[in-house]
Number of protein chains: 2
Amino acid sequence: MENLTEILKGILEGCVLEIISREETYGYEIVKKLNALGFEDIVEGTVYTIVFRLEKNKLVDIQKKSSEIGPPRKFYSLNEAGQKELSAFWSKWDFVSSKLTELRRNSHV
Amino acid sequence: MENLTEILKGILEGCVLEIISREETYGYEIVKKLNALGFEDIVEGTVYTIVFRLEKNKLVDIQKKSSEIGPPRKFYSLNEAGQKELSAFWSKWDFVSSKLTELRRNSHV
DNA sequence: ACCACTACATAGTAACACAAAGTAGAAAGA
DNA sequence: TCTTTCTACTTTGTGTTACTATGTAGTGGT
């Protein structure tokens with residue numbers, strides 16, 4: 001799927017929050033997980049700007065751990081504010097999703 | 001639902017395309033339709049920037065008609081390029097939508 | 001005269017995904 | 001030893017978008 005840039009705005013951050021909520025993880029791994037999900041064109045620069053933003057907004061806790069196969073990793077985990085933000089994201093998603101389904105189905109909009 | 005700004009990026013334009021595809025319509029009416037759909041906070045400025053963009057990108061045809069209850073209206077209708085764009089939008093939406101469902105369901109991402 | 005509703009227009013802003021380039025650590029092979 | 005490959009993080013800049021704020025203007029009602 002090509003050129004998802006615009007439609008992913010506001011959604012990608014939610015995906016990253018969801019991924020982090022599953023288990024403590026780090027930027028590079030998040031990129032790989034998104035790629036595996038099907039968002040193949042997402043690169044490091046994109047994810048890092050997101051995790052930096054999460055950090056700035058105090059939605060994640062950070063723990064630095066060394067790795068045996070490369071530079072040290074910065075592990076992220078959701079704090080309480082992050083959990084709330086994730087819930088809010090899914091609420092918004094469900095709302096928008098239902099409205100789009102409605103728009104698509106009903107000819108009388 | 002509050003603060004949908006970011007999540008609507010790239011989506012609102014698709015909604016406007018879909019609305020126009022149903023029948024020839026004009027800016028002010030599009031706003032009212034979106035409001036009725038549930039996007040209550042969307043105002044004229046937002047929609048006009050979108051229809052101007054559609055016009056600039058040659059996705060719509062325009063016809064000016066006078067109204068008995070106010071200033072003249074600019075009616076928009078989708079041309080062939082607009083129809084293609086609308087199809088592309090729904091493809092992207094379906095893709096993203098399915099990926100988010102997958103992400104949400106599977107704990108092993 | 002004043003207000004409400006209809007209807008279009010536009011300059012400016014903040015937020016976001018992304019491009020592009022860089023820095024580094026570690027392992028493996030030639 | 002040198003190069004490559006993979007891992008991993010960082011930063012600057014860009015284009016697109018929804019939204020804010022404000023304005024103009026036509027029509028009808030009170």
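Each chain gets a letter, A, B and so on, in the order its sequence line appears, and its residues count up from 1. As a basis for the values below, the full set of heavy atoms in this structure was taken, side chains included, without hydrogen atoms, waters or symmetry mates.
Using a 4.0 Å heavy-atom criterion, one finds that A/Thr5 contacts the sugar-phosphate atoms exclusively. Across all strands shown, A/Tyr26 has heavy atoms under 4.0 Å from sugar-phosphate atoms exclusively, and none from any base. Using a 4.0 Å heavy-atom criterion, one finds that B/Glu29 contacts no nucleic acid atom at all. B/Gly27 comes within 4.0 angstrom of sugar-phosphate atoms only, judged by non-hydrogen atoms across all strands, and of no base.
Contacts classified as salt bridge (Lys or Arg N to Asp or Glu O under 4.0 Å) and involving residues 69-84 of chain B (residues at least two apart or in different chains) are given here: B/Glu55-B/Lys74.
Contact annotation: B/Lys9 side-chain N/O to D/dC19 OP1/OP2 distance is not under 4.0 Å. When the side-chain nitrogen and oxygen atoms of A/Tyr28 are compared with OP1 and OP2 of D/dC9, none of them lie within a distance under 4.0 Å. The side chain of B/Lys32 places no N or O atom within less than 4.0 Å of a non-bridging phosphate oxygen (OP1 or OP2) of C/dA7.
Taking a 6.0 Å sphere around NZ of A/Lys58, one finds it holds 12 or fewer heavy atoms contributed by other residues, nucleotides or ligands.
The side chain of B/Arg73 has C/dT6 as its nearest neighbour among C/dT6, C/dA9, D/dA18. Across C/dA7, C/dC18, D/dA8, the shortest atom-to-atom separation from the side chain of B/Ser67 is found for C/dA7. Checking C/dA24, C/dA17, C/dA7 against the side-chain heavy atoms of A/Leu8 singles out C/dA17 as nearest. Ranking C/dA9, C/dT6, D/dC19 by closeness to the B/Tyr48 side chain, first place goes to C/dA9. Nearest nucleotide to the B/Phe52 side chain, out of C/dA17, C/dA9, D/dA8: C/dA9. When distances run from any side-chain atom of B/Val43 to the nucleotides D/dT20, D/dT10, C/dA7, the shortest one goes to D/dT20. The side chain of B/Glu6 sits closest to C/dC16 out of C/dC16, C/dC8, D/dT11.
Each of A/Pro71 and A/Thr49 lies near DNA chain D, and the nucleotide nearest A/Pro71 is the one positioned closer to the 5' end. Between A/Gly70 and B/Ile69, the residue whose closest nucleotide on DNA chain C is further toward the 5' end is B/Ile69.
Using cut-offs of 30° and 60° on the angle between ring planes, the pair B/Tyr48 and B/Phe52 is tilted.
For the pair B/Glu29 and B/Lys32, the salt-bridge criterion is not met [side-chain N within less than 4.0 Å of a carboxylate O].
Atom CD1 in B/Ile42 sits about 14 Å away from atom C1' in D/dT20, given to the nearest Å. Atom CZ of B/Arg53 is separated from atom C1' of D/dT17 by 6 Å (rounded to the nearest Å). When the C1' atom of C/dA24 is taken as reference, atom NZ of A/Lys74 falls 15 Å away, rounded to whole Å. Atom CD1 of B/Ile11 is separated from atom P of D/dA18 by 9 Å (rounded to the nearest Å).
Shortest non-hydrogen contact noted between B/Leu100 and A/Cys15 is CD1-SG, 3.8 Å.
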